[in-house]
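Computed from a predicted structure; not experimentally measured. Whatever order the structure lists them in is the order used to number ligands and atoms, beginning at 1.
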Amino acid sequence: MEVTSTPAIREREAALAQRYQRSRALLQRAERVIPGGYHLSGRPLVDADTTPLYFEAGRGALISDVDGNQYIDFLMAFGAQLLGYAREEVNEAAFEQGRRGALLSLNHALHVQLVEALLPKLPGADMAAFFKTGSEATTAALRIARAYTGRRSVVRAGYHGWHDWCLPLEKWVPQELGRQVLEFNANDPDSLLRILTEHGRNVAAVILAPEMVLPFQPSLVHELQRITHQHGALFVMDEVKTGLRICPGSVCQLIDLVPDLITVSKALANGYPLALVAGSRSVMRSAAGMHYSATFHGDTMAMAACLATQRIANAEQTREHCENLGNRLIAGLNDLATELNVSAKAYGEPLGAMPFFRFTYSEPAQNELLTRLFFREALARGVLLHPRHLWFICGAHTPQHIEHTLNVCRSALTTTLALMPA
Ligand SMILES: Cc1ncc(COP(=O)(O)O)c(C=O)c1O
C-alpha cells in the first residue's frame, strides 16, 4: 500500500491543525533556542501540525494543552506519575521539605530514612544508593558490577537511558565503546549464551529491562539470569519503569527472582526526580568509596515526595488498581479490533499496568498510516495514547475513564477506517 495521503486525509489534517495553533507557535520559538526544537522525549506524538506538543497543567489523570484542549492522559509523564498529577499530599510533603531548605550541605536524615523504607520492597536488597534519573541508576549499577567482578564489558538488550553506553554504538559515542558494550536479544536466550561463550571472562554484567521480554515469560527471565551466572557475571534487572509499579511491587517480586542489582525510578516519587540502585550487601559494598555522587542527589523534596507516594500507593492499592484497569483497557481494545474487523493487538508491555496497542497488518506502510490516523483521532477526542511508546495506567484513572476511552477508540477507529485509501 503506497498511498500515504488522500484529499480526505488532507482535509481532515487541515481541520485538526486549527486545534493546536499555540502549540505550533511555541514550537517555532523553540526551534530558535533549543537544538532541534525539542528534547527527544518531547517529540510530536504524530506531527507538530495535527497533534499537541505543549501542555500546561495536569490534575489526576487529566492534562490540558496550551490550546485549551483537555485529555485523559495515558502517558503520565512517561510513567513518572504513579498516583496522578498534582497529588495534594505528595506536593505538601515535598513543599514542607522545600520550606526547610530542599538541598542542604552534606547528609540529611531523610537519605537514610528513604533507603530504609524502600529496601524491604526490593528483593534481595540490603543496601541502596540514590540518584536523580534512571540513566544515572543504570550507569551506576554497571559501574558497581565492574568493581565487584573486576571485569569491564557489559551486555544489554534494550533502552537503559541516554548515557554513552546505552546509545546506538555507531555514532556519537567513544569509538572503542562497542567492544565493551555487547547486545543480545532478550527473547532469545541463545543469543546471550553465544555472547557469553565468546566474551564471558570479560563480562561484568548483563542488564535486562523486563518489558523487553515479550510476551512476558517469567521462565525466560530466570533462564537469562541462570546463563549470566553460569559465566560469572552479575544480573541487573532494570526496573526503572516497572519497579514499585507492577503488582506486588516489581517484576522481580512477581516472578520470585532475586537479581544481583535492581534499578528503580519512575514510580518512586510521583513526578519528583529520584532513582535508586539496590542490591545485596556483598555486591553493594563494592560501591563504598566509588565516585558517583552529584550536587543534586541529596535533594530532600523528592525523597519526601517518594515516602508520601509509597505510603499512598500502599494504602490505596494503586498497583492492583493499575493492573486491573490496564487489563480492562487491553480486553476492550482487543474486542474492538475484532468487532471492527481490524488486524490489531492490545497487550501488556510487559503487564496490564503498562498496556499498548498496535496494528498488525503484514504491510508496514499500512500499519504506519493506520497508526498516524488513529492516534490523532483519539487525541482530537480528548484521549492521549502514545503511538510509539507503551502507556501507563495511574492511580487516578477510573473505570469510567477506561470505558470513555474505549468509546473514543471506537469512534476514532471508525473514522480512521473511513479515511483509509481503498
Ligand atoms: C528501562 C529503562 N531504563 C532506564 C531509563 C532511563 O531513565 P531516565 O529517562 O530517567 O534517565 C528508562 C527511561 O525510560 C527506562 O525505561
Side-chain angles (χ1 to χ4, degrees), residues 38-43 45 74-82 122 128-145 154-168 172-173 181 183-187 205-214 216 221 224 234-246 249-252 254-255 257 259-279 292 294 296-297 299 302-303 305-306 309 322 348-351 353-356 386-394:
Y38 29 70
H39 289 275
L40 190 61
S41 59
R43 270 195 305 161
L45 291 157
F74 287 95
L75 189 54
M76 300 313 299
F78 288 91
Q81 304 276 355
L82 178 67
L122 305 171
F130 45 84
F131 302 89
K132 282 279 138 204
T133 67
S135 303
E136 283 189 288
T138 56
T139 300
L142 297 188
R143 191 175 295 170
I144 294 167
V154 295
V155 186
R156 65 170 206 203
Y159 186 74
H160 302 288
W162 71 269
H163 291 168
D164 281 352
W165 68 272
C166 311
L167 293 179
W172 300 327
V173 307
V181 180
E183 286 183 76
F184 76 107
N185 172 353
N187 296 289
V206 172
I207 182 165
L208 175 76
E211 62 274 15
M212 295 304 294
V213 176
L214 278 179
F216 183 56
V221 181
L224 295 173
L234 298 191
F235 192 66
V236 182
M237 275 291 265
D238 179 2
E239 296 221 40
V240 161
K241 284 195 198 77
T242 50
L244 296 174
R245 178 191 315 281
I246 292 295
S250 60
V251 169
C252 284
L254 176 70
I255 69 174
L257 181 140
D260 298 301
L261 290 163
I262 183 169
T263 54
V264 178
S265 178
K266 293 180 189 243
L268 284 175
N270 214 48
Y272 291 84
L274 191 63
L276 210 71
V277 54
Y292 50 50
F296 291 103
H297 282 177
D299 153 41
M303 295 187 182
C306 176
T309 301
C322 294
E349 194 169 321
L351 292 156
M354 294 156 60
F356 194 57
H386 200 295
R388 299 176 304 277
H389 191 286
L390 61 88
W391 313 331
F392 295 94
I393 308 292
C394 79

Exceeds 12 heavy-atom contacts within 6.0 angstrom, atom NE2 of His39: no
Within reach of ligand 1, part of Tyr159 (heavy-atom separation under 4.0 Å): both
Location of contacts on Glu239 toward ligand 1, heavy atoms closer than 4.0 Å: neither
Any nitrogen or oxygen of [X], main chain or side chain, under 3.5 Å from a nitrogen or oxygen of ligand 1?
X      : value
Asp238 : yes
Lys241 : yes
Lys266 : yes
Thr138 : no

Ligand-side contact atoms (ligand 1) for residue partner [X], heavy atom cut-off under 4.0 Å:
X      : value
Thr133 : 10 (O), 11 (O)
Ala209 : 1 (C)
Glu211 : 1 (C)

Side-chain heavy-atom pair Asp238, Leu208 within 4.5 angstrom cut-off: no
Within-4.5 Å side-chain heavy-atom neighbours: Leu351 and Leu254: yes
Considering only protein heavy atoms, which is closest to [atom], and at what distance to one decimal place?
atom                    : answer
atom 7 (O) of ligand 1  : Gly134 CA, 3.2 Å
atom 9 (O) of ligand 1  : Ser135 OG, 4.4 Å
atom 15 (C) of ligand 1 : Val240 CG1, 3.8 Å

His160 and Trp165 aromatic ring geometry - parallel, tilted or perpendicular at 30°/60° bounds: parallel
Residue pair Glu239 / Thr242, side-chain donor-acceptor N/O under 3.5 Å: yes
What's the shortest heavy-atom distance between [X] and [Y], and which atoms?
X      : Y      : result
Leu274 : Leu268 : O-CD1, 3.7 Å
Gly243 : Ser250 : CA-CB, 4.3 Å
Ala302 : Lys132 : CB-NZ, 3.5 Å

